[in-house]
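Okay, structure first, notes after.
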Amino acid sequence: GWGWWGEDRWGVGEGLGVSWVGACGARGAKWCVPTTSTCSGGPRMLSYRATLDVPRSTARAISGWLAAHRKARDIRPAQRAATPWVQAVMLLRWLINATDLKTLARDAGVSLATAYRYLHEALEVISSKAPSLGEVIERMQRDGEPFVCLDGTLIRTDRVAARDPGTGYHLWYSGKHKAFGGNVQVLADRTGHPVWTSPVEPGSTHDITAAREHVLTALYKAATGGLPTLADKGYTGAGIGIKTPIKGPRPCPDDAAYNTIQAGLRAPAERANALLKDFKALRKVSLAPSTITTIASAALVILNLNNQPR
């Protein structure tokens, strides 16, 4: 009464997703999950079809990277408890659906400790494929992009005990959002697709402070090359080339027109944060807050893979 889990049992539903169907009593099975049993004394469990909303090509690319990583690092990569394909699917299920690690370990036929190890390993491998800030700006200038959008987002976390030694306040608590989390700066193109994510800063960090730490220096150089940056009022005073709305309760007609145009051009950038948080693992991180950097970068890589022409 067990179904087997292997690459040849995965298919594409409507050309969009990777799906799996359990096969009761499959012979030679290596990776097992429980299905409905008709055998006397066997487990009585419900079998169902599961689908991930991700192209098969994305899963294959991730599996290939993991296989290459194992070959370079492991003495006996063939003796791993799970194949690169199974590890890739574990990562995708966790990122997209925030599937519990106990469930992932059970479905992959590995221990919980191995599941955690495989998850962190896969996050490191995938996030290493994310483009650098310099590469992103160079590509956008080469493609003739008219501007780039900058915005910050809070990735919520569990309560963090660390406090700011200077003030005594919770370091990872955002007063703006009234929640614990990490501040991540996101660059988006004019269509609202995210192209770069910054390392995480504690949630108490203001957007302009995080931007000065990680991205503004590169954006100043980009502005001198004809690629300005659009941002919201939180970045007022950021410096040359950073176009923000003009503050004031009663702007003059010219300022009001400027604000309307700037807001209209920047509006699609709000889509970037929403696309990243389509990954349920980024809606609330229960791992160490420092892993937000790796998780966000991995999500960005998967978004880029999903957008590649098939």
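By convention here, the first residue in the shown sequence is residue 1.
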Next on the checklist: Quick one: does any side-chain atom of Thr153 pair with a main-chain N or O of Val184 as donor and acceptor, under 3.5 Å?
Outcome noted: no

Checklist entry - What is the distance from atom OG1 of Thr83 to atom CG of Leu66, rounded to the nearest 0.5 Å? => result 9.5 Å

Item to check | Contact summary for Gly182 and Thr157, nearest pair of heavy atoms | outcome: N-CG2, 4.4 Å

Item to check | Gln141: side chain to side chain contact (heavy atoms under 4.5 Å, CB included) partners, not counting sequence neighbours | outcome: Ile137, Ala222, Leu227

Checklist entry - Would Thr191 and Asp189 count as having a side-chain donor-acceptor pair, cut-off 3.5 Å? => result yes

Checklist entry - Could you give the distance from CG (Leu154) to CZ (Phe180), rounded to the nearest 0.5 Å? => result 11.0 Å

Checklist entry - Does a sphere of radius 6.0 Å around CZ in Arg190 hold more than 12 heavy atoms from other residues, nucleotides or ligands, not counting ones at 6.0 Å or beyond? => result no

Item to check | Taking every non-hydrogen atom, the tightest pair across Ser111 and Ala105 | outcome: O-CB, 3.8 Å

Item to check | Considering all heavy atoms, the nearest Leu171-Ser204 contact | outcome: O-OG, 2.6 Å

Checklist entry - Would Leu101 end up clustered with Tyr118 when hydrophobic side chains under 4.5 Å apart are linked, directly or stepwise? => result yes

Checklist entry - Is there side-chain contact between Pro289 and Val160, with at least one heavy-atom pair below 4.5 Å? => result yes

Checklist entry - Taking C-beta and beyond as the side chain, do Phe147 and Gln262 meet within less than 4.5 Å on heavy atoms? => result no

Next on the checklist: Measuring only between side-chain heavy atoms, which start at C-beta, is Asp74 closer than 4.5 Å to His69?
Outcome noted: no

Item to check | Pairs where residues 116-136 contributes a residue and the test salt bridge (Lys or Arg N to Asp or Glu O under 4.0 Å) is met, not counting sequence neighbours | outcome: Arg80-Glu121

Checklist outcome for this item: Separation between OH (Tyr258) and NZ (Lys243), nearest 0.5 Å, reads 6.0 Å

Next on the checklist: Do Phe279 and Leu303 have side chains that approach each other closer than 4.5 Å (heavy atoms only, starting at C-beta)?
Outcome noted: yes

Item to check | Listed partners of Thr58 passing side chain to side chain contact (heavy atoms under 4.5 Å, CB included), at least two apart | outcome: Val54, Pro55, Ile62, Ile302, Leu305, Asn306

Checklist entry - Closest heavy-atom contact between Pro194 and Leu275? => result CD-CD1, 3.7 Å

Next on the checklist: Would you say that Tyr116 contacts Leu112 through its side chain, given a criterion of any heavy-atom pair below 4.5 Å between the two side chains?
Outcome noted: yes

Checklist outcome for this item: side chain to side chain contact (heavy atoms under 4.5 Å, CB included) filter on Ala210, not counting sequence neighbours, yields Asn183, Gln185, Glu201, Thr205

Checklist entry - Does any pair with a residue in residues 212-228 pass salt bridge (Lys or Arg N to Asp or Glu O under 4.0 Å), and if so which ones, sequence neighbours excluded? => result none

Checklist entry - Between Leu230 and Tyr220, is there a shared hydrophobic cluster once you connect ILVMFWY residues whose side-chain heavy atoms come closer than 4.5 Å? => result no

Checklist entry - Is it true that Ile155 and Val186 fall in one hydrophobic cluster, defined by side-chain heavy atoms closer than 4.5 Å? => result yes

Checklist entry - Between Trp85 and Leu95, is there a shared hydrophobic cluster once you connect ILVMFWY residues whose side-chain heavy atoms come closer than 4.5 Å? => result yes

Checklist entry - Taking the side chain from Arg163 and the backbone from Gly168, do they hold a donor-acceptor pair closer than 3.5 Å? => result yes

Checklist entry - Taking all non-hydrogen atoms of both residues, which atom of Tyr235 and which atom of Ala211 are closest, and how far apart? => result CE2-CB, 3.8 Å

Checklist entry - How would you list, by chain and number, every residue that makes a side chain to side chain contact (heavy atoms under 4.5 Å, CB included) with Thr229, sequence neighbours excluded? => result Val148, Leu150, Leu219, Ile242

Checklist entry - Taking Thr293 as the fixed residue, which of Leu123, Val200, Thr197 is the one that meets the side chain to side chain contact (heavy atoms under 4.5 Å, CB included) rule? => result Val200

Item to check | Thr244 (side chain) donor-acceptor with Lys233 (main chain) under 3.5 angstrom | outcome: no

Next on the checklist: Is a donor from one side chain sitting under 3.5 angstrom from an acceptor on the other, for Thr291 and Thr294?
Outcome noted: no

Checklist entry - Atom CD1 in Ile295, atom CG in Leu276: separation rounded to 0.5 Å? => result 12.0 Å

Checklist entry - Just by modelled atom types, is the Glu145 backbone N or O under 3.5 Å from a matching donor or acceptor in the Asp143 side chain? => result no

Checklist entry - Is there a path of hydrophobic side-chain contacts, each under 4.5 Å between heavy atoms of I, L, V, M, F, W or Y residues, that connects Leu52 with Leu104? => result yes

Checklist entry - Met140 and Leu187: side chain to side chain contact (heavy atoms under 4.5 Å, CB included), yes or no, with the steps? => result CA-CA 11 Å; Met140 296 187 76; Leu187 281 182; over 6 Å; no

Checklist entry - Do Lys280 and Thr99 touch side chain to side chain, with heavy atoms closer than 4.5 Å? => result no

Checklist outcome for this item: Between the CH2 atom in Trp65 and the CD atom in Gln87, the distance rounded to the nearest 0.5 Å is 13.5 Å

Item to check | N/O donor-acceptor pair under 3.5 Å between Arg156 side chain and Arg283 backbone | outcome: no

Item to check | Over all atoms of both residues, closest heavy-atom pair of Pro245 and Thr236 | outcome: O-OG1, 4.4 Å

Item to check | NE2/His206: more than 12 non-hydrogen atoms of other groups inside 6.0 Å | outcome: no

Next on the checklist: Can you confirm whether Val125 sits close enough to Arg73 that some side-chain heavy atom of one is under 4.5 Å from a side-chain heavy atom of the other?
Outcome noted: no

Item to check | Atom pair CG (Leu91) and CD1 (Ile96), whose distance is rounded to the nearest 0.5 Å | outcome: 8.5 Å

Checklist entry - With a cut-off of 6.0 Å (strictly less than), are more than 12 heavy atoms of other residues, nucleotides or ligands near CZ of Arg142? => result yes

